[in-house]
Structures are given as C-alpha cells and as structure tokens.
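Hydrogens, waters and symmetry mates are skipped; everything else that's a heavy atom, side chains included, is used. As the structure is a prediction and not an experimental result, all values here were calculated from the model.
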Amino acid sequence: RFEEPFMIDFVFQYNCTMNYAEDRLDRRARSSNDAEGGAATTSGSLDQDLNRAHKVLHCADYNRASLSRDLAETIARLCVGDTNKIGTTPVSTNVSPEKALQLLSTVNSLRELRAAHEHAGMTLRDRGSNRSAVFHFGMAWQSCHWIEKIKRVLGVNCHDSVTHGDQKKSHQECEWRSVGDYAQMAEFAGFPEVGVLALLLYRAGGSLKLPVMTTAPSAEKGNNNCGGEENQTKTTYGCGCGIIGCGVSPCYLPFSSTSRHISRILEAFDSVKQSGNVDVEDNIFPSASDVLAQIAVMSRKPHFADGPMLSMNQFLMRRIHLDVPSILQFWDEGSLTVNPSPLTTDVSPECLRTFPCVLKLLLVKLLYSSPLSGSFLCLACYSISYLAAVLPPSSKEGRELAKDFKSHWAYFVFIRSLVLGERVKKHRVDRNTCQSPVWDEVLLKPDDFRGGKNWRNVATEYHFHQYLQNILEKCEKMEILSPHQFQCSLPSVIIYHPTALSTPYAPLYVVGDSHVLSLAWQTICIDLSEQNLGTEGGMDKVYRTAFPFPATGIKAWHFRSSTQFFTHYNLHALLQRLPVPMTKTDSAKNRVTIILSAGEIDCREGIGGALLQGYYTDCNDAVERTVTQYLRSVSEIAEEYNLQVLLMPVAPHAYRSEKNGKALGRAKRRHRCWFWNEILRRNLKHEKARQLIDSPNHHYATKNSYNNVFLLDYEEKLRHPDRNSPVGYVLNRRYNADYTHVNSAIVPLLERSILESGCDMTLI
C-alpha cells in the first residue's frame, strides 16, 4: 500500500489541467475592495507560486528522488515484456523486500516531484515562459510514467483502461493526464507536431527517458538550506529551478527521438499517403455528403448490431481500401483491428492503450491545425468520420465531454463542421451554405494533398517521417547545450521547410485565434482581371492554399509587447516558424502576406464587467482603446517580421434562443462586436484607399496610419436582419459553423475583400 506523498509546506493538487487556461493576468487588481477580497491575481502571485514549486525542486534529495542507474537497471530487468502488453497483469512480482522498499521510496519521491513540476509548468504557462513550461510538463510526464512502471512491477493496478468516469477523478495518478498536458503545452510552444507524436507514443506503449535531474552548481549549493532562508544564489538555467536543460530547447522531448516506437510511428505516417487507393473518376470515394448521410442513417437506427464504429468502418471499406496502420488508428478501441497490418511499421493491437475521449479530441485538433498538412491532415479527416459516428452531440458521452472539457469539445464540433460540412435535405434550398467541406478538398483530390506535385511544381518525393525526425533531432540536440552554447551555436527557431508543405498552390498563411480554421486548407482564388490587375506573367487569377497557424485562445489584448502569457509566446513562436525569406535586402519586396484574426474573444469575454472599474469610462471606451492598442501592436509585428498583414473582422454572432437566460450577455456582445468593427474601419478604411481601389491599377498598397496593416472588410456581408437583435442583425445562417465561428462559405467574400483592401497585390 502506497503512502500519501510528502509535500513541503503545502500540498500540490493533482488537478486535471487539460482545459485551456483562464487568462489570470487579465483579472488584474482593479480597486482596493477587490484586492481585499482576494479575487485578483497579479504577476506577484505567479512569482509566489513559482517559488513554492522551486522550493520543492531545490530541496529534493536527488539521490533518492532521481532513478539511480542501479535502480533503473532493476526496473528495466523486472519490466521485460511489460511494454509489449499494456493493461495486463504485472509481469513480475519477484522483488526482494529491500528492493521493494527502495521502489516505494522512489515512488513517493517521484510523486512529490511530479506535483512540483506540474505546478511550475502551470505557473510558467500563465507567465508566458512556454519553453520552461513545456520542460516541466515533460518532466511531470516522465515522473508519472515511471511511477506507473514501478507500480506494475509491484503488482498495483495502473488504470490503463480509462473510462470517462475515470477522467473526473482528479487524484488518480493517470499517465494520460500528464501526456495530455504535455501535448497541449507543446502546441503552445509552437510545436503541435511534437504533441501529436507524444500522444501516439503514449497510445503505442512507448517508454520515456528516466526523470534524472542534473542541477547546475549554483542550485546545488542551496540544497542544504531547505528549511531556512531562501537560496540567494542566482541560477542562469531556465526558470530558476536550477535544472540543466530547463528552457534551453524550444520544445523539450521526454522521449528519445530515435526510440523504436517513435520510428514506427514516423514510418507509419508515410504509409498514410499511399493508403486509400481510390478511383475518384468513378465516384467510388465517398464524399462528405455521403458520410453525413450514413451518420444520419445510424442515428435513426441506434441499435446497430455492430456498433457505430464498426458500422462506419464497413461503410467506408465498401467504397475504399483504407489501410491506415493500427498504430495511427487512435479512434479505435480494439473493435476494428483484429490482426496487425502487413506493413512493417505496424504493431500488435494488444500493445496499444485505449485512449480516453478527451485525448482523441485533442489529437484531432493538433492533426488538423498543424501547418504540416500531408499525412497529418489526411489522418485528421479519416478520424472525424469515425468520431462523428461514435460521439454525436446528443449522446451521453458528448454531453459529458461538453461539460467537463468545454474547450476541447467545442474544437471538435467546429472541426467536424469544417471537415464534413452540413447535411442539407434536397427540399431545403434555403439552407444551402455554399460551404466547401475539407473532406472533399483533401480526400477527393489526392494529387493535391496526398501526393503528386506540390505548389513548386516538383514531385513531393520527400519522406514525411524524415522531416519529422529532423525536427525531433534538432529539439533533442538543443537540450544538452548550456544557455551560452545555445545562444552562440544554434538558432533558437526551427522553421517549417517549404518542401514539407504538400499542397496544390503556394501557401497563404492564416495566423491568429481559432477563427483561422474557418479558412484552413481552402483554395483562395483572387481574380485580378476584375480590377485590371493582371500580373507581369499574364496571369489573371492567383490561387493560394490557406495554411492555418492557430494561437489558441489569443486575444487582441495579448498582442502587446508587454504581455506575459502563453498566447503571446505562442503567437511569436508561430511567426518565427513561418517559412519566409530571412534576407534583409530590399525588405519591401520580400514581405510575406499573412491573414490575421483576433478580437472575438475580447468582445465575448475580455471586455466589460468588472474590467471597466478604474480603467475605462464605459464599454465603448474600452473597445476603442483595445482596438487602437491592437493595431499599434500589429503594425510593430509587421515591421519586426517583414509582413503585410490583412486583418479579419470580428464576425457577428449567430442567432440563439433567448430562453436559456443569456439574452442580456449576448446583446452586449453583439454591440461590442459591431463597435469593434466600426473602429477597425475608422482606422484602416480611408477615403484615399477607396479612391485608389476604383482606379485602373492599384498594385501597390495604399497608406494608412498603421504601416502594412489592411482590413478585410467583408463583415457587413455576413449580416442577416433580425429585429430582436440590439444591432439589428445576426450572422446569416449560411455562414454559420457552430454558432461561434463561420464556415468556409466566407471564402468568396474574403477573396473580394482582398482586392478592395488596398494592400500590395504583388505580395500575395
């Protein structure tokens, strides 16, 4: 029986941090009354939280807490075969009493360190130190991984088969929580592809590095002074924890980049592009409409003998030959794969863990929103067809996920709408949305996203796994450097290589909040002939593929250079990874055009209420100052990264019933959205721009107060009259995706607004 972990001066809670973080820095101290009430959270409290975590890390007995070489060899010897069969009974109980006591002591120490690393990771995330945060979340995952390994050796159940009920138990030492936190933090650090591999590695039963912490000499000096005054010695490593490697790599890897499981996963991704041998010309491959029709049939007959997973699988297999290796079929819980795939990269089904639903949702989001496209995007589309059948919104599991993991469920509903579109009955002509489902764009045009030639008109002969392997090796190589070596020898940024972007047309990068996914993977056609803007090469139309670079949860307020929050770091990490020309010569001609989205979260939850106290005279004043600061910050970012920025407006909210008691809040949000867009127009849409738009040629950008920033003014075309709305309109339902976001039907409006924005068309 395990004892409760010993904590120093305080108790860390094993709370699940899988939901996206609340912006604690936005809840600033506003008045003396609020401060007395203790409701405000300031940067000072973040420092206090970090110091509490550091106190545990500095005071730990590293000889006891870290796995010594002898102990590691013992665990490895006892766990032979354990990694080959996940969730089975312990493989060995032949442990001497002395060794068992040593293992128990290690477990208690690892529990303590895991809690300290999680606390440090959460605090650093809220402070915007994403490099150090991903390191501590990785160390927490390593600690939890080895805790469960030791518990298997000692004959203790480890809860490998997770039900949704287990997800609500906050004190269980479930490794899936730790890998979920790490994968999410890897995304915030700008490396969603690493989060994808981490989740698949966990499902495959792969092993992690030993959680051995090497401390800097300055930190070790303070270990003997744990109970007295604070250690006064300043460390140069990471966040101040004193652990060598903290904050050095842009994305710390808790696993080896050359491990057997990672190699199998990477090689399996290459096979995804060759899978699904279809005959598109004979209309054999099912369209998004066909998939939705099958889901509708299944919903009318809920008592399928084989269950929704098998039923969807049988439907797809009748139309296509889908040979995705079982190691990548994360949506499967063992009902589909009876025998391993003949591919050499595959593994036996009994070696695979069962994913909890929330990890499936997170993995779908990372696959779909990763800029790598290719195999990631195809796998995301395949998974949506299965998960949409298994997790309908009206199901018990769907309602529980919407309640317990609101952000992840909302992302899944949104992505499902974008991939499959909306099923419209033939007689409902008024409901036609003109939406282009991503399923049809990606899977019905295999030469565009899964092979053939890319936008550089060269054969895409590169191996997907080699590119991912290169990213992992660069991240891992940086971990062994000291901060001085890191700054002097290797670049801190790992840029996406253009040849890895497997799409039919040159990319147009879409950066910002979750609304960028509305345009993701769509083909944007700009008709230059409408304004007599034919290019020098004689082309009348320019085609681009929209590449998403989402910075989850970012507000317009977070664009300020003084912001210390994970969204601000995430934004700049994404901008640094853009495959843009780095030369400084003739920078005006080398500017890269991006579409930028932000502001909807500010209007929905960031402006209004107690935030006004002591800061603004009224809500309109708050909106105007926020927009002004936003434009000033975007202009600075455009100059820093040599960009031409096209700003998306805030789309109006869709119609919602007033019966649920939220009518007043929605009315205020509608007014804020309207005023936000009016301020954008006032600052960016000048009369001079309108005059030049009507001129015979406006190749070059018009001038405004904010250099290289232009407005895509299509918001008024999204409106539908509604007399009950305080602003007189709601979102036209043909553009509605999930009542918060718009769908891809806005693409024609966006194409027109680019022509009318006054931007430099030669940079598109």
task = Take the angle between the ring planes of F255 and Y182 and call it parallel below 30°, perpendicular above 60°, tilted in between.
result =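 Judged by the thresholds at 30° and 60°, the geometry between F255 and Y182 is perpendicular.
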Within-4.5 Å side-chain heavy-atom neighbours: [X] and [Y]:
X    : Y    : value
V511 : I595 : no
S385 : L316 : yes
T523 : E441 : yes
I764 : L646 : yes
P325 : S271 : yes
L508 : T545 : no
H145 : S207 : yes

ask   = Is E175 salt-bridged to R203, going by a charged N under 4.0 Å from an acidic O?
value = no
request  = Answer yes when E600 and K555 have at least one side-chain N-carboxylate O distance shorter than 4.0 Å, and no when they do not.
outcome  =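 So E600 does not pair with K555 through a salt bridge.
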Which heavy atom of [X] sits nearest to which heavy atom of [Y], and what is that distance?
X    : Y    : answer
S369 : K365 : OG-O, 2.6 Å
A546 : I524 : CB-CD1, 4.1 Å
W141 : S178 : CA-CB, 3.7 Å

Return yes if some donor-acceptor pair links the side-chain N/O of [X] with the main-chain N/O of [Y] below 3.5 Å, else return no.
X    : Y    : answer
S263 : S259 : yes
N130 : F566 : yes
W439 : V291 : no
N743 : N736 : yes

ask   = Is a side-chain donor-acceptor pair under 3.5 Å present for D513 with S597?
value = yes
key: Distance-only polar pair, side chains of S287 and D290, donor-acceptor under 3.5 Å   = yes
inquiry  = Less than 6.0 angstrom separating the ring centers of H568 and H558, yes or no?
reply    = no
inquiry  = Tell me if the aromatic rings of F355 and W331 count as close, with their centers under 6.0 Å from one another.
reply    =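 No, the ring centres sit 6.0 Å or more apart.
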inquiry  = Going by the rule side-chain contact (heavy atoms from CB on, under 4.5 Å), which residues pair with P392 if we only count those two or more places apart in sequence or in a different chain?
reply    = S394, S395
request  = For S370, check side-chain contact (heavy atoms from CB on, under 4.5 Å) against everything at least two apart and list the hits.
outcome  =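 side-chain contact (heavy atoms from CB on, under 4.5 Å) list for S370, sorted by chain: P192, L372, F376.
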key: Derivation and outcome, side-chain hydrogen bond (donor to acceptor under 3.5 Å, both in side chains), residues E473 and S257   = CA-CA 6 Å; E473 290 175 354; S257 63; 5.3 Å; no
Spacing of I471 atom CD1 and I495 atom CD1 [to the nearest 0.5 Å] = 11.5 Å
